[in-house]
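Working notes, structure below.
Each chain gets a letter, A, B and so on, in the order the sequences are listed, and its residues count up from 1.
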Amino acid sequence: MAVDISKKNVGQRGSISHMSEAPLVRTRFAPSPSGHLHVGGARSALFCWAFARRAGGRFLLRIEDTDQKRSSETASVGFLEDLAWLGIDWDEGPEWHDHGGGDTGPYYQSQRLDLYETYMDQLVESGLAYRAFETPEELTAARAAARAEKRPYRYDRGALDLDASTVKNWMAEGRPHVIRFRVPDDAATTIQDAVLGEVRVEASELEDFVIRKADGFPTYHFAVVIDDHLMGVTHVIRGQEHLANSPKHALLQDALGFDRPVWAHVSLIFNPDGSKMSKRDKDKALRTEVRSLGLETPPEGSEIDPQAWAEWLGDKRAQLETGKAVKLAEVLGVELPAINVDDFRHGGYLPEVLLNYLALLGWSPGGDQEQFDRAFICEHFGLDRIVKSPAKFDRSKLLAFNLDAIQAMDDDQFVLRLEAFCQDFEPLFLEAMTAHQFKVFALANKARSKTFRDPIDSGRFFIEADDIIEWPATKAVRKALCKGEVCGFDRLAAVRDLLATCDPWTPSQIELILTAWAEENCDGNLGQVAQPIRVAVSGGPVSPPIFDTLEILGQDATLARIDRCLASREQLQGTGA
RNA sequence: GACCCCAUCGUCUAGUCAGGUCUAGGACAUCAGGUUUUCAUCCUGGGAACAGGGGUUCGAAUCCCCUUGGGGUCGCCA
């Protein structure tokens with residue numbers, strides 16, 4: 001009955017049919033389609049992918065959508081996109097652009113129910129699994145009782161005492177029931193883990209776990225075991241939160257006569273505070289804020305209906321939809337923690353840098369090399385160098401790597417990629433500038449950019465209308481414009497007409513004029529005139545080098561902004577000291 | 001609480017499996033100087049760790065045990 005997938009796939013796409021003795025390495029990433037891909041999941045995917053690439057094997061993607069309540073098609077597309085953005089391509093799995101397909105599908109578990117049923121029947125018929133009729137409420141009560149008495153709870157196998165006719169009758173009545181796997185008595189399970197070594201669990205620690213839910217869907221444990229077998233998965237690389245599951249899977253595999261895969265459990269990724277980095281962290285941050293504000297009903301503008309609000313507030317496991325979470329964060333003024341791949345994409349990080357950083361979290365190539373590309377990972381990745389201890393996610397190191405990568409880029413590349421970034425997230429920058437302006441804008445910012453987000457955030461003033469620039473009476477603004485015997489306003493007024501005569505309006509020509517003026521009037525101290533101009537045209541003390549800044553703005557805008565700034569002189573000087 | 005996993009600078013790690021070359025290396029962060037028209041870069045230098053206690057051994061960051069600390073799991077979620 002078992003399909004020998006490894007043989008079936010050899011030869012496909014002209015692969016390595018001559019190496020028939022060693023089974024082709026096949027790894028898989030199997031997320032549930034809830035929300036975007038978070039960094040922990042991304043790292044698991046990366047390790048699976050890199051391991052398959054290194055071994056010349058195949059990397060598959062499977063969607064674990066057996067929870068009818070939580071699965072949604074749109075969410076799954078979200079992380080396909082995240083994976084593709086990172087450059088993690090799957091050989092088999094859901095079809096998406098030029099990825100996916102394959103002979104061992106379907107790759108959505110919800111479409112494989114008949115396969116699970118076949119094996120399920122086999123187990124029940126052979127007495128290795130049995131039907132159980134306790135209701136969820138009864139089980140919850142039993143757990144609570146055990147907890148109150150401070151004893152560990154384990155399913156009491158009550159259903160095992162049911163005689164065959166009772167079971168038959170109840171089934172005929174259509175009584176809801178689950179199927180439980182009968183854990184063999186007194187058999188300690190030892191699993192071999194490529195990272196952790198031998199892990200041994202006593203049979204008495206395991207209960208007869210559910211393998212089919214009352215709705216007819218298999219549980220995770222059962223579906224995983226069947227699918228991994230049918231899909232020919234040889235190596236299961238996943239987060240350590242799954243370690244406790246592996247003995248269950250091993251037992252199922254033994255019972256079904258399947259080979260066990262090689263397991264590799266990778267340590268978890270933590271937040272800086274030491275807690276597990278989880279996609280629920282965003283909701284956690286929001287809930288904490290909501291509680292401290294004592295909000296009983298959804299705040300205005302959050303677009304959440306009161307009932308959903310109450311449910312979300314009351315259930316630690318509940319997650320808001322991404323859009324609603326963002327809205328709520330906006331309304332409350334909370335900064336959501338960046339934990340999804342997508343968050344870093346929005347933040348202007350390079351996919352190859354995130355991939356590099358993720359690889360370094362729990363793995364190292366040995367020696368001192370830290371920065372490397374995809375090809376290097378595919379060439380060097382191995383299970384033997386995976387670190388056992390958990391790692392904290394360090395934003396500042398990621399940022400430093402991103403800076404290095406941007407600085408190492410050649411100029412044309414940078415312009416192109418910043419343009420692509422703007423196309424995706426900041427189209428206004430492209431609309432408001434000519435191609436030439438944008439190029440100058442990009443290059444003027446390159447050396448000072450740690451992310452693609454930096455030039456955008458600090459460069460809003462470039463695309464704003466001349467007449468909405470304001471000069472808030474901050475310390476920096478006052479220093480540039482008001483301080484000193486000869487103040488910034490004075491210098492601004494003095495160079496204004498000089499700039500008006502500047503022709504052509506190029507950085508070098510502007511530089512010529514301003515340095516000459518500074519030589520004559522400020523002992524060659526260019527800053528004394530550059531800074532007032534910077535503040536006048538941007539409204540603040542920060543901008544790219546002044547000559548570039550002025551070129552991007554153009555002569556008209558520069559003069560208009562200087563004039564408006566000068567006009568606000570009295571008002572600004574009236575403030576503060 | 002029970003079971004399981006883990007333990008080198010603030011953080012990620014090299015070194016551990018095959019004990020000596022480790023007065024423990026790198027990176028990020030930090031501190032001090034310097035360059036710079038702002039911000040950011042950039043350059044130079046400094047401080048910073050083998051969790052504690054027992055063994056084994058001529059010799060332990062490396063092997064063993066205990067303690068402590070951190071984490072994971074304990075769902076008809078995956």
- Message: Whether Lys397(A) contacts U11(B) is assessed here as follows: a side-chain N or O lying under 4.0 Å from the phosphate OP1 or OP2. Is that the case?
- Response: no

- Message: Can you classify the ring geometry of Trp363(A) versus Phe372(A) as parallel (below 30°), tilted (30 to 60°) or perpendicular (above 60°)?
- Response: perpendicular

- Message: Partner lookup for G1(B), please. Criteria are Watson-Crick or G-U wobble with both distances under 3.5 angstrom; report none if nothing qualifies.
- Response: C74(B)

- Message: I need the CG-P distance between Asp368(A) and A24(B), as an integer number of Å.
- Response: 15 Å

- Using atom CZ of Arg151(A) as one end and atom P of C3(B) as the other, report the distance to the nearest whole Å. 16 Å

- Task: Identify, with sequence neighbours excluded, every residue that meets ring pair (Phe, Tyr, Trp, His ring centres under 6.0 Å) alongside Trp505(A).
- Result: none

- Task: Determine the contact category for Arg385(A): base if any of its heavy atoms lies under 4.0 Å from a base atom, sugar-phosphate if only primed atoms, P, OP1 or OP2 are that close, otherwise nothing.
- Result: sugar-phosphate

- Task: Once you apply the 3.5 Å cut-off to both distances, tell me the Watson-Crick or G-U wobble partner of G47(B), or none.
- Result: none

- Item | Non-neighbouring partners of Phe222(A) that pass ring pair (Phe, Tyr, Trp, His ring centres under 6.0 Å), sequence neighbours left out | none

- Message: Should the side chain of Lys392(A) and the base of C12(B) be counted as holding a donor-acceptor pair, with the cut-off at 3.5 Å?
- Response: no

- Item | Contact nearer the 5' end of RNA chain B, comparing Phe401(A) with Val387(A) | Val387(A)

- Query: Toward the 5' end of RNA chain B, which comes first, Lys388(A) or Ala400(A), by nearest nucleotide?
  - Reply: Lys388(A)

- Query: His38(A): what forms a ring pair (Phe, Tyr, Trp, His ring centres under 6.0 Å) with it, not counting sequence neighbours?
  - Reply: none

- Which base, if any, makes a Watson-Crick or G-U wobble pair with A27(B), both distances under 3.5 Å? U11(B)

- Query: Would you say A14(B) has OP1 or OP2 under 4.0 Å from some side-chain N or O of Ser364(A)?
  - Reply: yes

- Item | Under 4.0 Å protein heavy-atom contacts per nucleotide of nucleotides 30-49 of chain B, with B for base, S for backbone only and - for none | -------BBBBS--------

- Query: What string of B, S and - do you get for nucleotides 63-78 of chain B, 5' to 3', if B is base contact, S is sugar-phosphate-only contact and - is no contact with any protein heavy atom under 4.0 Å?
  - Reply: --------SSS-BBBB

- Message: Strictly by ring pair (Phe, Tyr, Trp, His ring centres under 6.0 Å), give each pair with a member in residues 188-218 of chain A just once, sequence neighbours left out.
- Response: Phe181(A)-Phe209(A), Phe209(A)-His221(A)

- Note on the structure: Of Phe414(A), Phe429(A), Phe452(A), Tyr349(A), the one forming a ring-ring contact (aromatic ring centres under 6.0 Å, His included) with Phe421(A) is Phe452(A)

- Qualifying ring pair (Phe, Tyr, Trp, His ring centres under 6.0 Å) pairs, either residue in residues 387-407 of chain A, two or more places apart: Phe344(A)-Phe393(A), Tyr357(A)-Phe393(A)

- Describe the nucleic acid contact of Gly239(A) in one word from base, sugar-phosphate, nothing, applying a heavy-atom distance below 4.0 Å. nothing

- Query: Can you name the ring pair (Phe, Tyr, Trp, His ring centres under 6.0 Å) partners of Tyr130(A), sequence neighbours left out?
  - Reply: none

Tell me which donor-acceptor pairs under 3.5 Å the side chains of residues 144-151 of chain A have, and how far apart each pair is, sequence neighbours excluded?
{"residue": "Glu149(A)", "atom": "OE1", "partner": "Arg151(A)", "partner atom": "NE", "Å": "3.0"}

